[in-house]
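Only one structure is covered here, and it is reproduced in the block below.
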Amino acid sequence: MKVKDLTPRVLMGPGPSDAHPRVLRAMASPLIGHLDPEFIAMMDDVKSMIQQTMLTKNNLTFLVSAPGSAGMETCLVNLLEPGDECIICINGVFGGRMADIAERCGAKVHKVITPWGEVTTVEQVKKALDACPKPKLVALVHAETSTGALQPIPEISDLVHNAGSLLVVDAVTSYCGVPLKVDEWNIDAIYSGTQKNLSAPPGLSPVSFSDAAVKVLDNRKTKVQSWFLDLTMVKNYWAGAKRAYHHTGPVSSVFAISEALTLVLEEGLENRWKRHYTVHNYLKNQLESMGFRYLVNEENRLPNLNSVFLPEGQDEALLRNRLLNEFNIEVGGGLGDFAGKIWRIGIMGESCTFNHVNMLVGALKQML
Ligand SMILES: *Cc1c(COP(=O)(O)O)cnc(C)c1O
């Protein structure tokens, strides 16, 4: 397959989402050197836009030059040392991935396991803290893309900080789509992605560390196990004009995220959150009227990732393939226990419009 032969698709799965033409044009801009003063000025500007969109003043805010999973790994390998204890909340694929990484760091991992489709409760975290009263960190997934559950953060954050621990949050599918307030919620280490609600191409991960997390990093006794993700070096790479060479920055991808963040700020963060809820409600009414049923209860439902059981008697794989092949619309299938049972319909960023929903619903009506 060559690029020239690709079929244009409408992206309504769990990511990537459709990108704005301005983002695509930005990627096609001529390359400049990654140590060019203009590129350094752009990195400073991107850092400031990430701070504005994450609602944080954290100085250590930057892009990892790799996708969301590398942001996850950055947070954990820098904060955990062999022998540390931590609590990881697991209610889907991504909590499980965090636990795997933490174990590879040599940490003792206490898992709080919740059925898929549900969220971790304050009581569960309390109980975990009884068994492990002073973990180095507690980690949670804000928006679990494998199930479409949205995890409430503030109350758990208070518990974690009262225990003297750090709070680590996966915001890959919540950032720029639903309310996320890093400083107000006292999140110590957070990572996200670019290809979900930000609607930029995949391959970068916005990350931010609180001063408390930086202190933990500065007081490490052992070297960070990963050279590439070691923030004691990466942070100098993001230190403005003093910038020291660490690796060659992915300039075209930074152009794209710069334009995508500019679009978010032009729209306004709150307007963007509101848009995701408005289009979600429209989609939900349409889906339910056709016999689709939501996996997650209304209270904890993520608006931008809709996990739904198909109407009785429908073959999900067949319909999903027809959607792709006959209508060029991509939706996601289920993972884990929900493989073959649910669809994951993403309405993220540029894919979050009434037109997208109407296209999908029209195609479904034609097929069902
Ligand atoms: C997509 C996703 C990731 C992983 O991001 P990649 O860019 O695929 O590495 C991590 N956590 C959540 C919640 C995600 O949705």
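Order of appearance sets the numbers: ligands from 1, and atoms from 1 within every ligand.
Using a 4.0 Å cut-off between charged nitrogen and carboxylate oxygen, K223 and E81 do not count as a salt-bridge pair. Using a 4.0 Å cut-off between charged nitrogen and carboxylate oxygen, D188 and K215 do not count as a salt-bridge pair. A salt bridge links K111 and E103; the closest N-O separation between the charged side-chain nitrogens and carboxylate oxygens is under 4.0 Å.
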Check your understanding: Taking it one step at a time, do E267 and R275 satisfy salt bridge (Lys or Arg N to Asp or Glu O under 4.0 Å)?
Key -> CA-CA 10 Å; E267 179 177 14; R275 173 161 61 87; 2.7 Å; yes

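The aromatic rings of F209 and F62 sit tilted relative to each other, their planes meeting at an angle between 30° and 60°.
A cation-pi contact, defined as under 6.0 Å to the ring centre and within 45° of the axis, links R301 to Y294.
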N/O to N/O under 3.5 Å, ligand 1 against protein:
{"unit_1": "ligand 1", "atom_1": "7 (O)", "unit_2": "G68", "atom_2": "N", "d": "2.9"}
{"unit_1": "ligand 1", "atom_1": "7 (O)", "unit_2": "Q195", "atom_2": "NE2", "d": "2.8"}
{"unit_1": "ligand 1", "atom_1": "9 (O)", "unit_2": "G68", "atom_2": "N", "d": "3.4"}
{"unit_1": "ligand 1", "atom_1": "9 (O)", "unit_2": "S69", "atom_2": "N", "d": "2.8"}
{"unit_1": "ligand 1", "atom_1": "9 (O)", "unit_2": "S69", "atom_2": "OG", "d": "2.6"}
{"unit_1": "ligand 1", "atom_1": "11 (N)", "unit_2": "D170", "atom_2": "OD1", "d": "3.4"}
{"unit_1": "ligand 1", "atom_1": "11 (N)", "unit_2": "D170", "atom_2": "OD2", "d": "2.6"}
{"unit_1": "ligand 1", "atom_1": "15 (O)", "unit_2": "T145", "atom_2": "OG1", "d": "2.3"}
{"unit_1": "ligand 1", "atom_1": "15 (O)", "unit_2": "T173", "atom_2": "OG1", "d": "2.9"}
{"unit_1": "ligand 1", "atom_1": "15 (O)", "unit_2": "K196", "atom_2": "NZ", "d": "2.7"}

